[in-house]
Asks: 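Dropping the structure in here first, questions after.
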Amino acid sequence: MTSEGSVGVDADGGEPGTVRPGGRTARVREAVLRAAGDALVEHGFDGLDLADVARRAEVGKTTVYRRWSTPAGLVADLLSDMAEQSLPRADTGSLAGDLGANARLVVRTLTDPRQGPLFVAVIAAATCDPRAADALHRFYAVRIGEWSGCVEAAVDRGELPAGTDPGEVIAAVSAPLYYRLLASGAPLDEEAADRAAAAAVAAARDGVYVRREAGGALDDDRPHGSRAHVDKVPE
């Protein structure tokens, strides 16, 4: 996810995640982040130890401590890398198709034998360390920003009312899926993905995610029908 939530300075003089190293430095970073992910899956954030990560990655402890400094700094860089490696958004030509693809991607990620436990561990880290939380927030900001283009395209096509907040729509797709993962324990499958996407599409078309002005009034450049629908939604 990112450098602003990281601590420590690497050999190039930048905070973790602020540079795009090449050569041996890139190989070291890749090995360390892979090892950190393995350790998080096995032991969680509380059990993340930089010396253990260095041993797993077969690099010197000094290198790991100098570049990442703390477990929180390592998690922040791991999240930065995950954001960099994430798949680009879909472009199916329809809002329903795009959000359906988004929801299924989330489900595939959260049910993956490695990625699922890794996300749980990272989220747990964010609950107890503000730097990890900051990195997690930026990770999702990057992913929501990537997929927001689906909503913007839908507005341009006339599928959604003008003034629809793209980020809110994308967040609405994944929120019930993370709830299943972290709270309810309900099945995470394609049916759940399709239901989450369909609900977000329906709400967006009804104007639920149209931005409000500072005084609480709805944007005025939407079709009359969309404004009527939103006015019925309780505050």
Asks: Given Tyr209, which of Val151, Val169, Ile170 fulfils the side-chain contact (heavy atoms from CB on, under 4.5 Å) condition?
Replies: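 When side-chain contact (heavy atoms from CB on, under 4.5 Å) is applied between Tyr209 and each of Val151, Val169, Ile170, only Val169 qualifies.
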Asks: Just how far is it from atom CZ of Arg108 to atom CG of Leu188, taken to the nearest 0.5 Å?
Replies: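 Answer rounded to 0.5 Å: 13.0 Å.
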Asks: Quick check: does any side chain N or O of Thr111 sit under 3.5 Å from a backbone N or O of Val107, one acting as donor and the other as acceptor?
Replies: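 Yes, Thr111 side chain to Val107 backbone: donor-acceptor pair under 3.5 Å.
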Asks: Would you say the side chain of Val208 lies within less than 4.5 Å of the side chain of Thr164, judging by non-hydrogen atoms?
Replies: no
Asks: Is a side-chain donor or acceptor of His137 paired with a backbone partner of Ala133 at a separation under 3.5 angstrom?
Replies: yes
Asks: Given salt bridge (charged side-chain N to carboxylate O under 4.0 Å, His left out), test Arg138 with Asp134 step by step and report yes or no.
Replies: CA-CA 6 Å; Arg138 281 194 305 280; Asp134 191 42; 2.2 Å; yes
Asks: Does any N or O in the side chain of Thr63 come within less than 3.5 Å of the main-chain N or O of Val59, such that one atom is a donor and the other an acceptor?
Replies: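 No, the answer is negative, given that no donor and acceptor are paired below the 3.5 Å cut-off.
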Asks: At what distance, to the nearest 0.5 angstrom, does CZ of Phe119 lie from CG of Leu110?
Replies: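 If we round to the nearest 0.5 Å, Phe119:CZ and Leu110:CG are 6.5 Å apart.
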Asks: Salt bridge check: are Glu30 and Arg34 linked by an N-O gap of less than 4.0 Å?
Replies: no
Asks: Is there a side-chain contact between Leu160 and Arg205 in this structure, where contact means two heavy atoms from C-beta onward sitting under 4.5 Å apart?
Replies: yes
Asks: Can you tell whether the side chains of Arg56 and Asp52 come within less than 4.0 Å, N to carboxylate O?
Replies: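 Looking at Arg56 and Asp52, the cut-off is met.
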Asks: For Leu105, does its backbone N or O pair with a side-chain atom of Thr109 as donor and acceptor, under 3.5 Å?
Replies: yes
Asks: Roughly how far, to the nearest 0.5 Å, is CG of Leu40 from CZ of Arg114?
Replies: 9.0 Å
Asks: Within the structure provided, determine whether Tyr178 and Val106 are in side-chain contact (heavy-atom separation under 4.5 Å).
Replies: yes
Asks: Is it true that a side-chain atom of Asp165 and a backbone atom of Arg211 form a donor plus acceptor pair closer than 3.5 Å?
Replies: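 Not at all, since once roles are kept as given, no pair shorter than 3.5 Å links the two residues.
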Asks: Test Lys61 against Arg55 for side-chain contact (heavy atoms from CB on, under 4.5 Å), laying out the working first.
Replies: CA-CA 8 Å; Lys61 289 190 294 184; Arg55 178 187 60 79; over 6 Å; no
Asks: Can you find a pair of side-chain heavy atoms, one from Asp77 and one from Arg29, that are under 4.5 Å apart?
Replies: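 Result yes, sub-4.5 Å side-chain heavy-atom pair found.
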Asks: Could you pull out the closest heavy-atom pair between Glu159 and Gly93, with the gap in Å?
Replies: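 Result for this residue pair: OE2-O, 4.3 Å.
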Asks: Which atoms form the tightest heavy-atom contact between Pro187 and Arg180, and what is the distance?
Replies: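 Heavy-atom minimum between the residues: O-NH1, 2.5 Å.
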Asks: With the side chain counted from C-beta on, respond yes when Val142 and Glu146 share a heavy-atom pair under 4.5 Å apart, and no when they do not.
Replies: no
Asks: With the side chain counted from C-beta on, respond yes when Val32 and Arg67 share a heavy-atom pair under 4.5 Å apart, and no when they do not.
Replies: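 In short, these two side chains do not touch, never coming nearer than 4.5 Å.
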Asks: Might you point out which heavy atoms bring Ala57 and Ala31 nearest each other, and give the distance in Å?
Replies: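 Ala57 and Ala31 have their closest heavy atoms at CB-O, 3.6 Å.
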Asks: Hey, could you give me the OH/OG distance between Tyr179 and Ser174, rounded to the nearest 0.5 Å?
Replies: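 So the OH of Tyr179 and the OG of Ser174 are separated by 15.5 Å.
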Asks: Ala90 and Ala101: which non-hydrogen atoms are nearest, and at how many Å?
Replies: CB-CB, 3.6 Å
Asks: Could you grab the distance from atom CZ of Arg104 to atom CG of Leu99, nearest 0.5 Å is fine?
Replies: 13.0 Å
Asks: Can you measure from CD1 (Ile123) to CG (Leu182) and round to the nearest 0.5 angstrom?
Replies: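 If we round to the nearest 0.5 Å, Ile123:CD1 and Leu182:CG are 4.5 Å apart.
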Asks: Identify the heavy atoms of Ala121 and Gly44 that sit nearest to each other, and give their distance.
Replies: CB-CA, 4.4 Å
Asks: For Pro176 versus Ala196, what's the shortest heavy-atom pair and its separation?
Replies: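 Where Pro176 meets Ala196 most closely, the heavy atoms are CG-CB, 3.7 Å.
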Asks: Quick one: does Asp129's side chain have a donor or acceptor within less than 3.5 Å of a partner on Arg131's backbone?
Replies: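 Yes, Asp129 side chain to Arg131 backbone: donor-acceptor pair under 3.5 Å.
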